[in-house]
Amino acid sequence: MRVALAQIITGRAPERNLDLVREYARKAKAGGAELVVFPEATMRAFGNSLLDIAEPLDGPWASQVRALAAELGIVVVAGMFTPGAAGDGGAKVRNTLLVTGPGVDTSYDKIHLFDAFGFAESDTVDAGTAPVTFDVGGVTVGLATCYDLRFPALFTENADRGAVVNIVCASWGAGPGKVEQWKLLSRARAADSTTFVLACGQGDPASQGLEVKGSAPTGVGHSAVVSPFGEVLQELDGAPGLLFADLDPAAVADARAKLPVLANRHRF
């Protein structure tokens with residue numbers, strides 16, 4: 001299966017961000033990809049209000065992504081924001097991955113919320129409750145979002161559900177050692193679950209001379225494709241770009257035969 005990772009830098013305007021999705025999805029299709037992955041917060045970058053643009057999965061923004069995927073005949077994974085529950089603390093959104101394309105229409109709500117490094121995602125976002133997998137051309141794929149990358153159990157659960165590929169869409173926070181952690185964790189989760197990991201992040205705004213204010217996680221780049229043994233097969237730098245990779249599910253079967261960590265693990 002040929003896949004593409006679209007490392008973009010989104011801004012405040014959902015329509016302009018949708019233009020980026022159109023541009024990169026068309027390039028991915030032209031390059032032969034069956035699946036193109038966009039980062040978390042593709043709909044609107046963090047550091048901006050979210051309630052005013054959150055919409056249901058059949059809303060106008062998602063519907064335009066769905067129409068694009070249908071037109072191109074490619075599966076698109078993109079981060080958006082859907083309405084959350086209204087509680088005593090006020091309304092919130094959900095940090096959602098939309099997955100749409102030929103034979104696929106599903107979504108995943110981020111389970112582990114980023115309450116770390118001075119940022120409190122749970123102030124504005126409701127957590128998801130369940131893992132999600134989907135199939136592309138007979139290949140089962142699991143989903144994760146950003147901070148989820150620090151929690152191995154989600155990746156092994158996806159593998160237990162048949163996933164041979166795990167997608168991580170992120171808008172990773174910058175700071176000392178954060179790029180190294182992104183790389184380390186992507187490789188570790190691939191080895192934990194003996195799956196390919198497609199780690200697609202927002203590009204680094206600094207690579208384009210853009211000033212970032214506040215503590216919002218706006219991306220560090222370094223999107224990568226990692227093998228089931230934890231080997232980095234392809235990687236971008238901090239700048240926007242499109243990465244292609246060819247995934248052979250037989251490599252997962254080979255890894256699990258040689259290093260059966262899923263079969264050998266104990267649950268305590």
Side-chain angles (χ1 to χ4, degrees), residues 1-50 52-82 93-108 134 136-137 141 143 145-146 167-172 198-205 207-210 218-219 221 223-225 234 236-246:
M1 180 172 69
R2 188 162 177 80
V3 301
L5 275 59
Q7 180 171 288
I8 59 176
I9 298 174
T10 58
R12 178 176 174 80
E15 187 58 42
R16 289 187 180 181
N17 298 331
L18 188 57
D19 287 340
L20 287 174
V21 174
R22 294 187 181 104
E23 175 188 350
Y24 278 78
R26 293 187 190 284
K27 290 178 179 178
K29 179 64 176 181
E34 299 174 57
L35 167 73
V36 59
V37 182
F38 291 88
E40 177 187 27
T42 293
M43 187 184 197
R44 171 174 278 179
F46 285 119
N48 297 287
S49 59
L50 302 177
D52 60 314
I53 54 96
E55 66 175 49
L57 290 165
D58 60 355
W61 196 89
S63 294
Q64 290 182 80
V65 176
R66 192 172 288 111
L68 175 68
E71 173 197 337
L72 297 178
I74 191 172
V75 175
V76 176
V77 180
M80 62 177 294
F81 300 100
T82 56
V93 303
R94 293 189 185 276
N95 188 341
T96 300
L97 296 180
L98 170 68
V99 185
T100 184
V104 182
D105 193 13
T106 191
S107 64
Y108 165 74
F134 65 95
V136 180
V141 181
L143 293 165
T145 303
C146 205
I167 290 173
V168 186
C169 300
S171 186
W172 201 254
L198 310 184
C200 183
Q202 291 265 352
D204 184 354
S207 72
Q208 306 302 297
L210 301 174
T218 52
S223 298
V225 176
Q234 303 278 350
L236 296 174
D237 57 17
L242 187 65
L243 179 160
F244 288 92
D246 295 302

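Throughout, residue positions are numbered sequentially from 1 according to the sequence presented.
- Interatomic distance, CD1 of I74 versus OG1 of T100, reported as 11.5 Å (0.5 Å rounding).
- Taking each heavy atom of L143 and V99 in turn, the nearest pair found is CD1-CG2, 3.7 Å.
- If you take CG on L18 and CG on L68, they are separated by 7.5 Å, rounding to the nearest 0.5 Å.
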If you apply the rule side chain to side chain contact (heavy atoms under 4.5 Å, CB included), what do you find for V3 with V37, and how did you get there?
CA-CA 8 Å; V3 301; V37 182; 5.9 Å; no
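- Open room surrounds CZ on R16; 12 or fewer heavy atoms of other groups in view lie less than 6.0 Å from it.
- With values rounded to the nearest 0.5 angstrom, E15 atom CD is found 5.0 Å from R22 atom CZ.
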For M43 and T96, run side chain to side chain contact (heavy atoms under 4.5 Å, CB included): C-alpha distance rounded to whole Å, both residues' side-chain angles, the deciding distance at 0.1 Å, then the answer.
CA-CA 10 Å; M43 187 184 197; T96 300; over 6 Å; no
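- Contact detail for S223 and G201: the closest heavy-atom pair is OG-N, 2.9 Å.
- Taking 4.5 Å as the limit, some side-chain heavy atom of M80 sits within range of a side-chain heavy atom of L57.
- A donor-acceptor pair is defined here as one N or O able to donate and one able to accept, closer than 3.5 Å; such a pair exists between the side chain of R2 and the backbone of G31.
- When all heavy atoms of A245 and Q234 are compared, the closest pair comes out as CB-CG, 4.3 Å.
- Using a 4.5 Å heavy-atom threshold, the side chains of F134 and I167 count as touching.
- Applying the ring-ring contact (aromatic ring centres under 6.0 Å, His included) test to F81 and every residue at least two apart in sequence or in another chain returns F46.
- By the 4.5 Å heavy-atom criterion applied to side chains, R44 and D52 are counted as neighbours.
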Check the pair F38 / C200 against side chain to side chain contact (heavy atoms under 4.5 Å, CB included), numbers first and verdict last.
CA-CA 6 Å; F38 291 88; C200 183; 5.5 Å; no
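- The closest side-chain donor-acceptor pair between Q202 and T10 falls under 3.5 angstrom.
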Take E40 and N95 through the test side chain to side chain contact (heavy atoms under 4.5 Å, CB included) and record every step on the way to the result.
CA-CA 8 Å; E40 177 187 27; N95 188 341; 2.7 Å; yes
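- Each of C169, P39, S107 was evaluated against L97; a single residue qualifies, C169, per the side chain to side chain contact (heavy atoms under 4.5 Å, CB included) test.
- Partners of W61 by ring-ring contact (aromatic ring centres under 6.0 Å, His included), not counting sequence neighbours: none found.
- Closest non-hydrogen pair, G59 versus S63, comes out as O-OG, 2.7 Å.
- Taking the side chain as every heavy atom from C-beta outward, V141 and V77 never approach each other to under 4.5 Å.
- Judged purely by atom type and a 3.5 angstrom limit, Q7 has no side-chain atom pairing as donor or acceptor with the backbone of L243.
- Heavy-atom minimum distance, N17 versus R12: ND2-C, 4.4 Å.
- Distance check: I9 CD1 to D204 CG gives 7.0 Å after rounding to the nearest 0.5 Å.
- The two residues A69 and P102 have their closest heavy-atom pair at O-CD, 4.4 Å.
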